[in-house]
Amino acid sequence: VQLQASGGGLVQAGGSLKLSCAASGRTFNYATGWFRQAPGREREFVAAISWSGGVTNYADSVKGRFTISRDNAKTTVFLQMDSLKPEDTAVYYCASSYTGPSKSSDVYIYWGQGTLVTVSS
């Protein structure tokens, strides 16, 4: 599976961005997660979605502000980010797992290259 993350950019606090994670290759029966890493900090879980789209998980810090979804073809996963805060600034990575929409990065096998999100105050 190859993953391509896109959609990052510069936005003011309170604004919105929508990230995309496009998959190619063996693109079936896997969960997709989004993680982020800010400068000087460890990578952290953001959100994840099951293959069917019926199960989602969110980090407490983004609940109510971010929404993860899949397209009908199940080849692209989106992360809609609203009410962005400066502390959301990070490189965002998408990853795929065959063990469900876990919050643990250990179960994710394939990783995209990352897309930078910068939120100005």
Side-chain angles (χ1 to χ4, degrees):
V1 176
Q2 294 80 44
L3 302 175
Q4 179 75 35
S6 61
L10 174 64
V11 64
Q12 288 188 330
S16 299
L17 279 176
K18 187 173 185 177
L19 305 184
S20 298
C21 178
S24 60
R26 187 173 178 264
T27 59
F28 59 90
N29 203 26
Y30 65 92
T32 300
W34 285 96
F35 293 79
R36 66 187 181 186
Q37 187 166 21
R41 302 188 64 177
E42 293 187 355
R43 183 172 57 192
E44 64 175 359
F45 170 77
V46 177
I49 188 168
S50 64
W51 167 248
S52 68
V55 179
T56 56
N57 275 321
Y58 293 94
D60 289 343
S61 59
V62 306
K63 278 182 183 176
R65 300 190 298 121
F66 291 11
T67 304
I68 190 170
S69 62
R70 273 191 191 276
D71 69 341
N72 289 336
K74 301 193 189 310
T75 57
T76 303
V77 170
F78 305 100
L79 185 68
Q80 176 67 46
M81 305 186 296
D82 298 319
S83 302
L84 283 161
K85 304 175 181 180
E87 51 263 44
D88 294 318
T89 295
V91 177
Y92 283 70
Y93 299 89
C94 61
S96 64
S97 161
Y98 294 110
T99 58
S102 173
K103 296 183 177 183
S104 172
S105 62
D106 292 344
V107 305
Y108 290 85
I109 302 171
Y110 304 103
W111 291 80
Q113 85 291 356
T115 185
L116 177 62
V117 172
T118 303
V119 184
S120 63
S121 57

Counterpart residues, salt bridge (Lys or Arg N to Asp or Glu O under 4.0 Å), relative to Arg43 (two or more places apart): none
Ring centres under 6.0 angstrom apart (Tyr92, Trp34): no
Sequence neighbours excluded - ring-ring contact (aromatic ring centres under 6.0 Å, His included) pairs with any residue from residues 58-78: none
Under 3.5 Å: donor-acceptor pair, side chain of Asn57, backbone of Lys103: no
Flag side-chain contact, heavy atom, 4.5 Å: Gln113 against Gln4: yes
Contact check, side chains of Leu79 and Thr67, non-hydrogen atoms, under 4.5 Å: no
With Ser104 via side chain to side chain donor-acceptor pair (under 3.5 Å) - residues at least two apart: none
Those residues that, when tested against Ser121, pass side chain to side chain donor-acceptor pair (under 3.5 Å) (two or more places apart): none
Same cluster (ILVMFWY, side-chain, under 4.5 Å), Trp51 and Ile49: no
Salt bridge (Lys or Arg N to Asp or Glu O under 4.0 Å) against Asp106, all qualifying residues, sequence neighbours excluded: none
Closest non-hydrogen atom pair, Val1 against Ala23: CG1-CB, 4.4 Å
Show me, pair by pair, the donor-acceptor contacts under 3.5 angstrom made by side chains of residues 7-22, not counting sequence neighbours?
from  : atom 1 : to    : atom 2 : distance (Å)
Ser16 : OG     : Asp82 : OD1    : 2.7

Between Thr76 and Arg70: side-chain donor-acceptor atoms closer than 3.5 Å: no
All pairs passing salt bridge (Lys or Arg N to Asp or Glu O under 4.0 Å) where residues 54-64 contributes a residue, at least two apart: Asp60-Lys63
Side chain to side chain donor-acceptor pair (under 3.5 Å) against Glu44, all qualifying residues, sequence neighbours excluded: Arg36
Common cluster, Ile68/Leu3, ILVMFWY with side-chain heavy-atom separation under 4.5 Å: no
Heavy-atom pair with the smallest gap, counting every atom of Ser83 and Asp88: O-OD2, 4.5 Å
For Ser50, side chain to side chain donor-acceptor pair (under 3.5 Å) partners two or more places apart: Ser52
Selection residues 30-80 - residue pairs positive for disulfide (SG to SG under 2.5 Å), sequence neighbours left out: none
ILVMFWY network linking Tyr30 to Val77, side-chain heavy atoms under 4.5 angstrom: no
Ring pair (Phe, Tyr, Trp, His ring centres under 6.0 Å) partners of Phe35, counting only residues at least two apart: Phe45, Tyr108, Trp111
Residues clustered with Val55, ILVMFWY side-chain links under 4.5 angstrom: none
Check: Thr89 side chain, Val119 main-chain N or O, donor-acceptor pair, under 3.5 Å: yes
